There are 2 protein chains.
Amino acid sequence: MPTPPDPDPFHDHDHDACSGAVLEHALTRLEAEGARLTPVRRRTLEILLESHRAMGAYDVLQRLSAEGFGSQPPVAYRALEFLVNHGLVHRVQRLNAYAACLSPQKDHSPVFLICRGCDKVAETGSSDLRAAIGGLATSNRFTVERTTVEILGLCSQCVAAGAEARA
Amino acid sequence: MPTPPDPDPFHDHDHDACSGAVLEHALTRLEAEGARLTPVRRRTLEILLESHRAMGAYDVLQRLSAEGFGSQPPVAYRALEFLVNHGLVHRVQRLNAYAACLSPQKDHSPVFLICRGCDKVAETGSSDLRAAIGGLATSNRFTVERTTVEILGLCSQCVAAGAEARA
DNA sequence: TGGCATAATGTTATATCATCACAATTAACT
DNA sequence: AGTTAATTGTGATGATATAACATTATGCCA
């Protein structure tokens with residue numbers, strides 16, 4: 001059976017609604033873990049949520065610096081590392097970039113769809129995929145701690161726009 | 001049902017046997033594609049095969065340079081890019097490193113198991129996982145071109161050795 | 001409240017990874 | 001041999017990330 005008419009995560013996304021919920025959830029979760037969402041950390045998360053894109057550390061830094069926070073790389077890297085460690089932000093390896101997690105409530109292994117046509121990134125997930133990774137780990141006697149799953153290709157709009165050419 | 005007694009890809013691997021086969025296969029494939037395995041490219045592949053590890057571009061460069069090839073970064077990066085494009089080498093995103101593909105005969109989406117205890121990397125694959133990615137792509141109307149699947153954790157030996165502590 | 005320990009922030013400096021631009025060489029094909 | 005395209009080499013620079021250490025803020029509790 002085909003799955004129900006999924007929304008297209010690249011284009012059918014109510015961002016304002018999700019941002020608020022994510023931020024609220026972040027506070028709850030961090031409190032439970034005894035961690036502090038300090039001003040820099042909070043702004044860093046907000047910046048990523050507002051942009052709704054994968055941003056490089058130096059892009060984030062520029063925004064933070066312009067708002068009166070420190071201007072040196074560690075300022076951004078530390079805030080990002082904190083958020084990543086608490087599952088509020090993911091690192092997109094292929095882009096050397098960071099994106100706010102949009103479903104922090106689930107204990108998930110995120111999957112990123114990276115469109116090379118429009119450079120947008122969509123976060124999704126799949127229980128089949130988690131199961132497959134679990135099986136792989138078992139049969140290789142490997143203890144999983146973190147997974148990176150990134151799919152590079154073209155989103156539907158870019159395909160429609162004829163962005164076929166593959167480098 | 002458990003899968004049959006899989007070999008542990010970290011420790012039960014006949015490397016000499018596979019290296020020769022891989023190299024031989026590389027020649028065949030490249031000829032078919034009209035691409036040339038020049039001396040630098042060949043040595044780059046051999047170096048990765050011999051080390052049987054994921055190596056950084058600058059590590060490869062050092063080896064190449066010591067053997068009389070050029071000493072500037074582009075020398076290594078170009079050879080690696082060529083090999084990656086032809087599916088003979090994979091890039092391990094999490095490590096900013098490169099590893100020779102050990103099963104270049106299959107049209108595969110590789111999966112890397114990265115042990116943070118001993119820093120070894122094992123390449124594997126899974127048809128379940130490929131299927132899950134295919135399903136995800138379909139339900140998100142996404143056209144897949146390349147996939148990155150990397151699993152960070154501990155190999156069996158490192159678990160046995162008590163490398164439990166998680167940063 | 002004052003004093004201590006810890007965590008967080010800020011800065012300078014530097015390490016690491018990757019690419020640009022252009023010259024020199026080599027290979028492939030008339 | 002002559003022409004073109006691919007490949008290689010080099011210097012310079014760009015982009016990403018961390019080390020080391022001083023300073024400030026926070027939490028705790030005597």
Side-chain angles (χ1 to χ4, degrees), chain A residues 26-27 30-45 47-48 53-86 88-99 119 148 150 167, chain B residues 26-27 30-31 33-45 47-48 53-86 88-99 116 119 148 150 167:
Chain A
L27 285 160
L30 290 178
E31 191 175 2
E33 297 182 8
R36 295 164 49 210
L37 191 63
T38 60
V40 215
R41 293 169 177 172
R42 182 184 176 122
R43 262 319 275 157
T44 300
L45 178 56
I47 286 167
L48 287 174
R53 323 191 23 167
M55 296 179 71
Y58 281 74
D59 295 328
V60 173
L61 176 60
Q62 207 173 335
R63 301 279 305 270
L64 289 173
S65 173
E67 296 180 22
F69 295 100
S71 61
Q72 300 306 313
V75 170
Y77 281 103
R78 283 194 288 234
L80 290 167
E81 183 188 29
F82 171 89
L83 295 168
V84 167
N85 284 339
H86 288 83
L88 300 171
V89 163
H90 297 300
R91 181 182 162 82
V92 184
Q93 303 282 348
R94 185 172 287 268
L95 304 177
N96 290 339
Y98 300 83
D119 284 325
T148 300
E150 299 177 358
Chain B
L27 284 160
L30 290 178
E31 190 175 3
E33 297 182 8
R36 295 164 48 210
L37 191 64
T38 60
V40 214
R41 293 169 177 173
R42 181 183 176 122
R43 261 320 274 158
T44 300
L45 179 55
I47 286 168
L48 287 174
R53 324 190 25 169
M55 295 179 72
Y58 278 72
D59 296 328
V60 173
L61 177 59
Q62 207 173 335
R63 301 278 306 268
L64 290 173
S65 173
E67 295 181 22
F69 295 99
S71 61
Q72 301 303 314
V75 170
Y77 280 103
R78 283 193 290 234
L80 290 167
E81 183 188 28
F82 171 89
L83 295 167
V84 167
N85 284 339
H86 288 83
L88 301 171
V89 163
H90 298 299
R91 181 182 161 81
V92 183
Q93 303 281 349
R94 184 173 287 269
L95 304 177
N96 291 339
Y98 300 83
R116 70 165 171 79
D119 285 324
T148 300
E150 299 177 359

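Just so it is clear, the structure is predicted and the values come from calculations on it, not from any experiment. Just so it is clear: chains get the letters A, B, ... in the order the sequence lines come, proteins before strands, and each one is counted from 1.
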Between [X] ([atom1]) and [N] ([atom2]), how many Å, whole number?
| X | N | atom1 | atom2 | answer |
| --- | --- | --- | --- | --- |
| B:Q72 | D:dG14 | CD | C1' | 15 Å |
| B:L61 | D:dT10 | CG | P | 10 Å |
| A:R94 | D:dT16 | CZ | C1' | 17 Å |
| B:Y77 | C:dC20 | OH | C1' | 14 Å |
| A:R42 | C:dA8 | CZ | P | 17 Å |
| A:N85 | C:dA7 | CG | C1' | 15 Å |
| A:R78 | C:dA8 | CZ | P | 11 Å |
| A:N96 | C:dT16 | CG | P | 16 Å |

Within a radius of less than 6.0 Å around CD of B:E33, do more than 12 heavy atoms belonging to other residues, nucleotides or ligands occur?
-> yes

Step through the shown structure and confirm whether more than 12 heavy atoms of other residues, nucleotides or ligands are within 6.0 Å of CD on A:E67.
-> yes

May I ask you to say what A:R41 touches in the nucleic acid, namely base, sugar-phosphate or nothing, with a heavy-atom cut-off under 4.0 Å?
-> sugar-phosphate

So, does the side chain of B:Y58 form a donor-acceptor pair with the base of C:dA18 at under 3.5 Å?
-> yes

Select from B:P39 and A:L95 the residue whose nearest nucleotide in DNA chain D is closer to the 5' end of that strand.
-> B:P39

Counting only side-chain heavy atoms from C-beta out, which of [options] sits nearest to [X]?
| X | options | answer |
| --- | --- | --- |
| A:R36 | D:dA17, D:dG27, C:dT19 | D:dG27 |
| A:V40 | D:dT8, C:dG10, C:dC17 | C:dG10 |
| A:P73 | C:dA13, C:dT11, D:dT7 | C:dA13 |
| B:A57 | C:dG10, C:dT12, C:dA18 | C:dA18 |
| B:P74 | D:dT18, C:dC20, C:dA18 | C:dC20 |
| B:R91 | C:dT9, D:dG11, C:dA18 | C:dA18 |

If you measure from CG on A:L64 to CD1 on A:I47, what distance do you get to the nearest 0.5 Å?
-> 4.0 Å

Identified side chain to side chain contact (heavy atoms under 4.5 Å, CB included) partner of A:L48 from the options A:M55, A:R63, A:H90, A:R53 = A:M55

Report yes if a side-chain nitrogen or oxygen of A:T38 is closer than 4.0 Å to either non-bridging phosphate oxygen (OP1 or OP2) of C:dT9; otherwise report no.
-> yes

Look only at the side chain of A:Q93 and the backbone of A:T148, and say whether a donor-acceptor pair between them is shorter than 3.5 Å.
-> no

